[in-house]
Amino acid sequence: MSAPNVGGSADGSVRLPKAMKVKNKQPAQRQITAEQILREAKEIQLEDDFKAPKTIITDPQELAEYRLRKRKEFEDTARRVGRWNHSIWIKYAHWEESQKDFRRARSVWERAIDVDYTNTNFWLKYAEMEMRHRFVNHARNVWDRAVSLLPRIDQLWYKYIHMEEMVKETAKARLIFDRWMAFEPDHAAWMAYIKFELRYNEVDRARAVFERYCEVLPSVKAWVRYAKFELQHNDVARARGCYERAMEALGEDCHVEEFFLRFAEFEEMVKEHERARAIYQYALDHLPKAAAQELYTRFVAFEKQHGSREGIEDVVLSKRRFTYEQEIAANPLNYDAWFDYVKLEESTGNHERIREVYERAVANLPPGNEKRFWQRYIYLWIKYALFEELDAGDMDKAREVYRTALKLVPHSRFTFAKLWLLAAKLEVRAKRLPAARKILGLALGSCPKGKLFKEYIQLEMTLGNIDRCRTLYEKYLEWNPANASAWLKYAELEVALAEAGRARALFELAISQPVLDMPEALWKAYIDFEIAQGNRERTRLLYERLLDRTKHVKVWLSLAKFEAEPLPQPEEEEEQQEGEEAQQRQPPPGEGASPAEREARAVRARGVYERGLRALREGAPDAKEEAVMLLEAWRDFEAACSDFRRRDEVAAAVTAVKRSADKQPAFLPAAVLAARRVEVAAAVTAVERKMPRRIKRKRAITNEAGLASGMEEYYDYVFPEEAGAAPNLKLLEAAMRWKRQKLAGGGGEGEAAGDGEQQQQQQDGDGQDEEQQQQQEEEEQEEEY
């Protein structure tokens, strides 16, 4: 029989259903994820949780049917998985117990034991069922079978003995303990037997059990417990005998830290201090040091409590010496261990022993001629020399130590300036200046270093030898002409000596060096020096020479500030050094000059700002942050100039009032004031018009492989001269945006064109709003001025 032709034509061909054309391909407003579908399905499952109905049994027939059905279910389940799922038997037996059918419950437990008699859980629950329903003999039978089949399971013995104690069968519990001890269990079982006898005040029986315990398990733990038992019953002789018998019975096995600690604690507790000291000493002599740390600590505490001070110190020092000797023997180049060892010996004050340790320490030379290996080693020589000078008071020995150390160091490869300087300072303290100069001269000749030059110059400066200082500075600069700090210190020395010509010559030599480590600090010091000398023309020439080398914005700002402020006068500097009262009487910088001079300085400063802005925009177009910094400083400068002008107007008005004959207020002509206000407002407005606009842009981020990894936003500045090309750029951006939208989908061409026109209109409107806002701000500023 053939199957019917469903959806087929007369000729037997299959016709597929016509495909439906999706009219709306736009994504739905609400998107559903696979995670959401799974979560909703789980919630539905939890809501529809099936609960079995509660069955109420009303007659014996229904009860019999219920029991028959449940037994059949349990039997089927036990037949299928009872071999490996033991919980089925436990549930079956508990159900039979709940039905008060103990015969069937016992049958179930026996079947479960036949399946796996090694399962301790079966025996425990079987016996607990018998005990719950007060079938003591049945429970005793179960426990007896359990401990016979599983004698190494301590829990079965504990439960069996606990049941016998609960029913007041002490004799039977003791017999069970005896059966258990025949299997020689661990320490806990023996202690349980002993505690059982002590609960019934059977001390002699407990002592007998201890004897068997120490015979079966001869160990330190067993004998220590036996001794504590005798001590608790106030039998000191028996307790001491336990420790002595333990040493005889165990032999070398008792030579452990715990045994001697317990033995010494016992003797100390019974006030036998000499016995305790003898035990401690015997233990420390026979035990290895690594295995007797706690024993040594207890011995020290014991000596502190019961011994003399000398004995305590000897014990501590001998132990620490032994520890350091072990560390040094393991690694002779462990200089930290040598330092600790020396510190220990210095605490004793024995100079001969200290010198011996120092000599042993410095005899271990570093493994290679690299400075990193010598850095810790050289401090051994330094500490050795300081010990001879300060503690031993032997200057000759200290001098010899320094001399030996300097001979050992390979100065051709590296040196230690600290060692040279300490040797020279030793001679200075000994009032041997020629020897100190000889040591420092030898150091500079063999291995010159900047620290050696500085300390030598400081020494000669302290002694007041200016000519020697100049000579040392010349040698210093010959050795390292690129060191700007050396040039500065040399020039500062000449300035302090009021040698302006020499200082200026030094500055000229310094800035003419081809390589300097800090040229900016040198130029700043030179400029400050000329400003302090009150020479504006020289300072201006210095700035111009600096601008020939660099066009940094800080140089332009410094030059503008210099042109705007008056030079300090020598008299004013002297007044500043007199005290705080003179400083309070001194007027602020720039306020003491006349308006004409101030206006001339402002014109020069304004010219500097203009030059700086032009140089930054033409020489470094990408340095927009620096240009903004310069414009902000220029704007603040113009605002400050306006404040000075206002003060001048007020001062002129007050002067006119004082000089008027009729005491009427006489101010400057209104036209003059208005012209000045307009001039000031125009100056500030002109600077503000040069300020750029801050805009946010995006740029591509490339990873280490040179591939594009995303976009990032950054802030850029658009200056007024750059804004002329902005409309064309906006038009090009709109055209590119329209082209992308056209390529993305043909259905949205009209919308894309509309969006492009709308965005172009919005951009034009934003440009007009910015121009109106800028014009409004300019009008407000003019009204304010």
Side-chain angles (χ1 to χ4, degrees), residues 50-183 185 189 192-193 196 199:
F50 174 75
K51 296 181 180 179
K54 186 177 181 180
T55 304
I56 300 176
I57 299 174
T58 57
D59 56 4
Q61 185 177 359
E62 291 182 1
L63 178 60
E65 292 177 355
Y66 165 72
R67 288 177 175 175
L68 180 62
R69 185 174 67 255
K70 291 293 289 183
R71 287 192 181 104
K72 187 176 183 303
E73 292 177 0
F74 279 120
E75 290 293 339
D76 293 341
T77 306
R79 191 181 305 110
R80 289 197 312 272
V81 298
R83 287 287 179 184
W84 58 85
N85 191 356
H86 297 161
S87 62
I88 298 300
W89 297 105
I90 297 174
K91 292 179 182 178
Y92 192 5
H94 284 172
W95 182 82
E96 293 290 356
E97 182 185 357
S98 66
Q99 299 299 318
K100 304 299 181 182
D101 196 344
F102 300 110
R103 184 181 60 81
R104 288 181 179 274
R106 292 190 187 98
S107 177
V108 173
W109 284 119
E110 293 294 338
R111 291 168 61 190
I113 290 171
D114 290 339
V115 171
D116 185 9
Y117 76 94
T118 61
N119 192 336
T120 308
N121 205 17
F122 285 165
W123 294 105
L124 292 174
K125 293 187 179 296
Y126 188 7
E128 286 174 0
M129 182 196 76
E130 301 290 0
M131 292 169 63
R132 268 196 305 271
H133 300 285
R134 304 194 178 242
F135 300 126
V136 178
N137 290 329
H138 283 283
R140 187 178 286 120
N141 185 21
V142 172
W143 289 124
D144 192 79
R145 291 167 58 198
V147 298
S148 299
L149 292 173
L150 303 173
R152 294 300 178 184
I153 306 300
D154 294 345
Q155 189 177 10
L156 298 175
W157 291 101
Y158 284 125
K159 291 283 187 179
Y160 192 6
I161 295 167
H162 179 67
M163 186 196 74
E164 296 295 351
E165 281 198 83
M166 293 292 291
V167 297
K168 308 298 183 182
E169 292 288 347
T170 308
K172 290 183 178 181
R174 186 176 289 110
L175 291 175
I176 295 169
F177 266 120
D178 289 334
R179 287 177 59 190
W180 189 10
M181 296 304 112
F183 293 100
Y193 192 5
F196 165 78
R199 281 199 296 272

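Numbering starts at 1 and runs along the sequence shown. Below, each value reflects all heavy atoms present in this structure, side chains not excepted, and no hydrogens, waters or symmetry copies.
Side chains of Glu110 and Tyr126 form a contact here, defined as non-hydrogen atoms less than 4.5 Å apart. Residues Glu97 and Arg132 form a side-chain contact, since some pair of their non-hydrogen atoms from C-beta on lies under 4.5 Å apart. Taking the side chain as every heavy atom from C-beta outward, Met129 and His94 never approach each other to under 4.5 Å. Residues Gln99 and Arg104 fail the side-chain proximity criterion, which asks for heavy atoms closer than 4.5 Å. Between Val108 and Trp95 there is no side-chain heavy-atom pair separated by less than 4.5 Å. Looking at heavy atoms from C-beta onward, His133 lies in side-chain contact with Lys100 at the 4.5 angstrom threshold.
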| message | Checking Ile176 against Trp143 for the side-chain contact (heavy atoms from CB on, under 4.5 Å) test, could you report, in this order, the C-alpha distance in whole Å, the side-chain angles of both residues, the deciding distance, and whether it holds? | response | CA-CA 11 Å; Ile176 295 169; Trp143 289 124; over 6 Å; no
| request: Run the numbers on Tyr117 and Arg145 for side-chain contact (heavy atoms from CB on, under 4.5 Å), then give the verdict. | output: CA-CA 10 Å; Tyr117 76 94; Arg145 291 167 58 198; over 6 Å; no
| message | Pair Thr170, Glu165 - check side-chain contact (heavy atoms from CB on, under 4.5 Å), show working. | response | CA-CA 6 Å; Thr170 308; Glu165 281 198 83; over 6 Å; no
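When all heavy atoms are compared, the tightest approach of Phe122 to Asp116 is CD1-O, 3.5 Å. What you find for Ile57 and Leu63 is that their closest heavy atoms are CG2-N, 3.5 Å. Residue Ala139 comes nearest to Ala127 through the heavy atom pair CB-O, 4.1 Å, listed as atom of the first residue, atom of the second, then distance. Residues Phe177 and Ala189 approach most closely at CE2-O, 4.4 Å, considering heavy atoms. The heavy-atom pair separating Gly82 from Val115 by the smallest distance is O-CG1, 4.0 Å.
Between Trp180 and Trp157, the two ring planes are parallel [angle under 30°; tilted spans 30° to 60°].
To the nearest 0.5 angstrom, Lys70 atom NZ is 4.5 Å from Phe74 atom CZ. To the nearest 0.5 Å, atom CG of residue Leu124 and atom CD1 of residue Ile153 are 9.5 Å apart. Note that NZ of Lys91 and CD of Glu73 are 12.5 Å apart. Values are rounded to the nearest 0.5 Å. Note: Asp178 CG to Tyr193 OH = 3.5 Å, rounded to the nearest 0.5 Å. Rounding to the nearest 0.5 Å places CE of Met163 at 6.0 Å from CE of Met131. Put simply, NE2 on His86 and CG on Asn121 are 10.5 Å apart, with the number rounded to the nearest 0.5 Å.
Residues Glu164 and Arg174 are not paired through a salt bridge, judged by the lack of any N-O separation under 4.0 Å between the basic side chain and the carboxylate. By the 4.0 Å N-to-carboxylate-O rule, Arg111 lies close enough to Glu75 to be salt-bridged with it. A salt bridge does not link Arg106 with Glu96: every distance from a Lys NZ or Arg NE/NH1/NH2 to an Asp or Glu carboxylate oxygen is 4.0 Å or more. With respect to Arg71 and Asp101, a salt bridge is recorded, a charged nitrogen being found less than 4.0 Å from a carboxylate O.
Within 6.0 Å of CZ in Arg199 there are more than 12 heavy atoms belonging to other residues, nucleotides or ligands. Atom OH of Tyr158 has more than 12 heavy atoms from other residues, nucleotides or ligands within 6.0 Å.
If you look at Phe102 and Phe135, their ring centroids are closer than 6.0 Å.
Applying the side-chain contact (heavy atoms from CB on, under 4.5 Å) criterion to Ser148, with sequence neighbours excluded, gives Asp144, Arg179.
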